[in-house]
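We use all heavy atoms of the structure for the numbers below, so side chains are in, but hydrogens, waters and symmetry mates are not. Owing to the predicted nature of the structure, the values given are computational and were not obtained by experimental measurement. First listed ligand is number 1; within each ligand, the first listed atom is number 1.
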Amino acid sequence: AKKSPSERVQFFASEFGEQVHRRQEMISGLKLAIHNQQLELQFQPQFDRARACTGYEVLLRWYHPVLGSVSPAEFIPLAEQTGLIVSIGDWVLEQALATLKLWVAQGFRGRLAVNVSAMQLHDEAFADRIATLLEQYGVAARYLELEITETALMENVERAMATLNRFRELGLDLAVDDFGTGYSSLAYFKVMPVSRIKIDRSFVSGLPENDQDEVLCRTIINMAHSMGCEVIAEGVETEAQASWLALAGCDELQGYLLGKPALEGFLPENIDI
Ligand code: C2E
Ligand code: CA
Ligand code: CA
Ligand code: CA
């Protein structure tokens, strides 16, 4: 049956009320998530064209006793809006470096890529904190890569450039995440110290049937190479996508086809589990 206008208003009002309630619950939960040990890192492997693992991307997970497992797609934007991302981001970095220290001691020679939000990037103390953490954990900077979205870089180009140059001085690798979604001028990437471009999943998903996505991926790969950057494609789910990308010259692949995010991450070959 059709709802009367007043019923509809009531329906929307309660829907809206629930959303506000969930949001409030998430914000207060997030504030305590570190202290309550509800955060955890997962690791998704990355591969070269010969399908050898070159490293891992760190992906944050949040398990709330009432809300259950909350997706970072939902809680990261909230953490950004409330400024909580700064302390959460610091926690992620510290855990990542503790993990790296362990892995490197066990023979790991790849890289660990950590996602960095706009607010972290534009925090003037950020680069110094990373430098301190690297020293504290005795981890060489070349093992750490920072993934920064194209949109975050473009928010304040001048500020970003200053921080990026500090990263370069420290010897950190930089990847531009979600590339192709930010409508940025390619000219910026000529002057930015970026070592890797990450093709957004939304363009990979259309391969190899969608002609537009094909052109886009090919263009990104060629452009990145001409600027001396490597290219990695995210969200690779099918063999057809993987072989198309390899043929087009894409340097690395990441996605459910080759490995899902998991708790374990690196395990040295000579250790039995
Ligand atoms: P992202 O950086 O673009 O990360 C890739 C997302 O795609 C991850 O979702 C990953 O699990 C998912 N994914 C990987 N392979 C595939 C695939 O083959 N198919 C599909 N459909 N999805 C795939 P996740 O873990 O839910 O993270 C969502 C977003 O949350 C990330 O997107 C990133 O922007 C943010 N995020 C996660 N961890 C952190 C963190 O520690 N710090 C910050 N600032 N953001 C984070
Ligand atoms: Ca990422
Ligand atoms: Ca991405
Ligand atoms: Ca993406």
Side-chain angles (χ1 to χ4, degrees), residues 26 30 33-34 38-47 53 55-63 68-100 111-123 126 129-130 133 144-153 155 163 173-182 194-207 213 230-242 244-245 250 252-263 265:
M26 281 207 290
L30 261 184
I34 295 176
Q38 293 163 354
L39 298 182
E40 190 172 68
L41 302 188
Q42 289 198 351
F43 306 92
Q44 185 176 30
Q46 303 177 330
F47 299 87
C53 178
Y56 296 83
E57 177 178 3
V58 173
L59 293 161
L60 186 58
R61 297 291 175 256
W62 180 26
Y63 306 98
S69 172
V70 187
S71 163
E74 191 175 8
F75 75 79
I76 292 287
L78 273 187
E80 283 167 350
Q81 286 159 32
T82 54
L84 288 166
I85 192 67
V86 173
S87 55
I88 291 175
D90 278 349
W91 182 86
V92 170
L93 264 170
E94 180 147 16
Q95 297 298 308
L97 284 173
T99 303
L100 258 178
R111 78 184 110 81
L112 205 55
V114 173
N115 290 288
V116 168
S117 287
M119 189 177 281
Q120 292 174 277
L121 178 72
H122 297 123
D123 171 0
F126 185 60
R129 272 207 300 282
I130 296 186
L133 282 172
L144 184 65
E145 183 172 80
L146 303 177
E147 287 193 9
I148 304 176
T149 64
E150 184 185 8
T151 324
L153 286 173
E155 236 174 60
T163 309
D173 272 338
L174 216 84
V176 182
D177 207 348
D178 296 347
F179 190 81
T181 61
V194 161
S195 47
R196 193 184 310 277
I197 298 278
K198 209 163 179 182
I199 305 179
D200 191 62
R201 187 168 79 222
S202 58
F203 306 122
V204 173
S205 66
L207 298 177
D213 286 344
E230 294 210 320
V231 185
I232 179 165
E234 66 173 15
V236 179
E237 293 181 350
T238 67
E239 235 0 289
Q241 289 165 352
W244 189 95
L245 285 159
C250 187
E252 296 198 3
L253 306 171
Q254 179 183 351
Y256 294 165
L257 172 73
L258 301 160
K260 292 195 171 175
L263 290 177

Which of the numbered atoms in ligand 1 are below 4.0 angstrom from a heavy atom of [X]?
X	value
R61	11 (O), 24 (P), 25 (O)
D178	3 (O)
D177	2 (O)
P261	11 (O)

Query raised in the report: Does G235 reach ligand 1, in the sense of a heavy atom lying below 4.0 Å from it?
Result: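 For ligand 1, residue contact (heavy atoms, under 4.0 Å) with G235 is present.
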
Query raised in the report: Does even one non-hydrogen atom of Q42 get within less than 4.0 Å of ligand 1?
Result: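 No.
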
**Report entry** Contact check: T149 to the Ca ion (ligand 2), N/O/S below 3.0 Å
**Finding:**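 Within the cut-off used here (under 3.0 Å), T149 places no N, O or S atom near the Ca ion (ligand 2).
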
With the Ca ion (ligand 2) as the reference point, give the N/O/S atom of [X] that is nearest.
X	value
D177	OD2
E57	OE2
E147	OE1

Requested in this report: Quick one: closest heavy-atom pair of D178 and E150, and the distance?
Outcome: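 Scanning both residues, the minimum pair turns out to be O-OE1, 3.7 Å.
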
**Report entry** Which atom of A96 lies closest to which atom of V58, heavy atoms considered
**Finding:**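 So the minimum-distance heavy-atom pair works out to CB-CG2, 4.4 Å.
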
Query raised in the report: When you check the gap from the basic side-chain N to the acidic O, do R111 and E252 get nearer than 4.0 Å?
Result: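 Between E252 and R111 there is a salt bridge, with a charged N closer than 4.0 Å to a carboxylate O.
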
